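Structure record follows, encoded as structure tokens.
As a basis for the values below, the full set of heavy atoms in this structure was taken, side chains included, without hydrogen atoms, waters or symmetry mates. Not measured: the values here are computed from a predicted model. We count residues from 1, following the sequence as given.
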Amino acid sequence: MTQGAGQEPVARTATLRDFRVPPYARVPVQGHAAEPPAAEPLPVPAPPEIPPAEQSAPAGQSARAGQSAPAERRLPDPSGQMPPVAPSPVQFVPMEAVPIEAVPITPPAPSAPPVAPTAPMPAEPTLQLGRRMAPAYPAATGSSIVSVATGHPGNAFPDDELPEGYTPTERDLPVIQRGDTLQVPVVTPEAAAEPAPAGEGPGPLFVVGDVHGYLDELVAALRAQGLIDENGSWSAGNARLWFLGDFTDRGPDGIGVIDLVMRLSAEAAAAGGYCKALMGNHELLLIGAKRFGDTPVNSGAGTATFQAAWLLNGGQKHDMDRLQDVHLQWMSRLDAVVREDDHLLLHSDTTAYLEYGETIEDVNDTVHEILNRNDADEVWDVFRKFTKRFAFRDEGGPQAVQELLATYGGHRIVHGHSPIPYLLGQVGTEEGEGSGGPIVDGPHVYADGLAIAMDGGVTMAGKLLVVQLPLNG
């Protein structure tokens, strides 16, 4: 996909050149859920062998050492005297003289088949992300994410294996010098304000940039800000947390990210705060790929389908296989625009929102109505417009920001969508070797200080940003 598909020819962005169509590109999206593996018959254990001593034991005599047979019933003779008891032929052995192994309680289980030797496990579990080995999120000593059934707050895949159908994104772009980036000190957890007690107004406001399936990085960033505890549960009281969209595609566990955000939304509400999310262009893309598959749409530039666009933009087959109705319903209800504490929160750095209403409520209602009508061409048009980018970057950027602020209110726009390295125009070529990826220390403030970019470029070995607003500086 090129930027603004269906519009006049534009420059192809580096975001899209990193993707190759995976082997399953021609597999229809609808109805391709993973088939459950065939059930294997359970092994039936063989009856335990009876030692010769037990086989030859006389009737009425126990075969276990130190254990006599049940006593026979004795009746008194006519004189009223009990007949004498015949001496037992069983020899009693003191228990301390019998080893524990000689007194089995249950038959031994059948021995397991020999297991082939495996390679030694690494000292720290890692998850292969593209070409870079990234450590899993730091867990507290002696604890793990045990509050969730699978042992991970977002239903993540095991650290030592990649999900089937995962197509890694290129993450080893050259190091970028941030000479023209405004350095903004990010509020650290220690300096962050404590959540206000219940009944004393709203708590601190946090925003999260694009996640794109990188669940471990998200968990680590949320924990670093004190928003979740070592078990992955909400721990920020009445704090407010906004995700700026793009939860899936490109990374290893997009559905795990959605599951985590949905769960934190319930936990935060119970604690007096909230965790909410905006709709990104990749949510629209995933909804379209699931609903419409390879149905042709009117793209304005030839035949297009949601399925092809989703695959070319980093769609992961295992995400589609795990996508459920509850995920689709949740994504379809997300708002496109919101204003919080004089910040106008959007996903995309584009003025296309103005085409859907003159108020925030109008924009959100219009987008929801289009999704409910379930018309492939209409949904494609929303996706195409919300995929546009860089409206705030160049000379006319401040004016574009002011137009949005004048219409919807607020004094600053906070957005995701366009990675900070791309906004700076300093992304190198794919042939760069021996580099550690772009350096992203925090949000990028630009457009005369009116816009804040929050996509730290996690898909290219950048940083997943979680910061508190307003920014200091």
Side-chain angles (χ1 to χ4, degrees), residues 1-7 15-16 18-36 155 157 163-169 210-213 245-259 262 279-334 336 347-348 366-388 459:
M1 290 291 297
T2 56
Q3 171 206 340
Q7 295 299 299
T15 305
L16 305 178
D18 296 333
F19 300 106
R20 306 291 182 264
V21 180
Y24 51 83
R26 288 187 288 273
V27 178
V29 170
Q30 294 174 328
H32 74 343
E35 297 181 359
N155 236 359
F157 293 97
E164 180 181 357
Y166 170 54
T167 304
T169 300
D210 299 33
V211 182
H212 281 300
D246 279 8
F247 302 102
T248 67
D249 304 336
R250 303 181 182 169
D253 195 2
I255 299 302
V257 171
I258 293 178
D259 285 336
M262 291 174 65
M279 180 179 295
N281 62 309
H282 280 262
E283 280 68 65
L284 292 165
L285 186 57
L286 183 58
I287 292 172
K290 181 64 174 181
R291 287 185 181 177
F292 310 116
D294 56 1
T295 301
V297 295
N298 181 18
S299 69
T303 302
T305 70
F306 272 104
Q307 177 182 347
W310 171 71
L311 290 170
L312 289 171
N313 282 273
Q316 304 296 319
K317 182 178 182 296
H318 60 272
D319 279 345
M320 185 64 72
D321 290 340
R322 298 165 64 206
L323 185 64
Q324 302 176 21
D325 287 342
V326 65
H327 301 129
L328 288 170
Q329 294 170 6
W330 181 80
M331 288 189 293
S332 300
R333 296 175 182 144
L334 297 178
H347 171 71
S348 305
T366 301
V367 172
H368 292 156
E369 289 172 3
I370 291 174
L371 290 175
N372 289 332
R373 283 198 293 267
N374 210 34
D375 182 279
D377 288 332
E378 284 189 310
V379 177
W380 177 269
D381 192 57
V382 178
F383 159 70
R384 177 180 59 84
K385 290 175 180 176
F386 284 5
T387 303
K388 294 180 179 180
T459 62

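Across all non-hydrogen atoms, the minimal contact from T305 to A308 is OG1-N, 3.0 Å. Contact between S299 and A304 at its shortest, heavy atoms only, is CB-CB, 3.7 Å. Minimum interatomic distance between V367 and A336 (heavy atoms only, all atoms of both residues): CG2-CB, 4.5 Å.
Side-chain atoms of S348 come within 3.5 Å of backbone N or O of F386 as a donor-acceptor pair. In this structure, E283 contributes its side chain and G280 its backbone to a donor-acceptor pair below 3.5 Å. Counting only distance, with no hydrogens or angles, the side chain of H368 and the backbone of L334 share a donor-acceptor pair below 3.5 Å.
Partner of T248 under the side chain to side chain contact (heavy atoms under 4.5 Å, CB included) criterion, chosen from L285, L323, V257, I258: I258.
Residues L286 and M320 form a side-chain contact, since some pair of their non-hydrogen atoms from C-beta on lies under 4.5 Å apart. Residues L371 and M279 form a side-chain contact, since some pair of their non-hydrogen atoms from C-beta on lies under 4.5 Å apart. Using a 4.5 Å cut-off on side-chain heavy atoms (C-beta onward), D249 and Q316 make no contact. Considering only heavy atoms from C-beta on, F292 stays 4.5 Å or farther from V297 through its side chain. In this structure, the side chains of D375 and I370 stay at 4.5 Å or more apart for every pair of heavy atoms. Annotation: side chain of H327 is in contact with side chain of D259 (closest heavy-atom distance under 4.5 Å).
Using modelled atom types and a 3.5 Å distance limit, the side chains of H282 and N313 yield no donor-acceptor pair. For H318 and D253, the side-chain atoms include no donor-acceptor pair closer than 3.5 Å.
Taken to the nearest 0.5 Å, the CG atom of D294 stands 12.5 Å off from the CZ atom of F306. Here the OG1 atom belonging to T387 is positioned 7.5 Å from the CG atom belonging to L284, to the nearest 0.5 angstrom.
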Check step by step if side chain to side chain contact (heavy atoms under 4.5 Å, CB included) holds for D210 and H347.
-> CA-CA 9 Å; D210 299 33; H347 171 71; 3.4 Å; yes
Side chain to side chain donor-acceptor pair (under 3.5 Å) between W380 and N298, intermediate numbers included = CA-CA 8 Å; W380 177 269; N298 181 18; over 6 Å; no
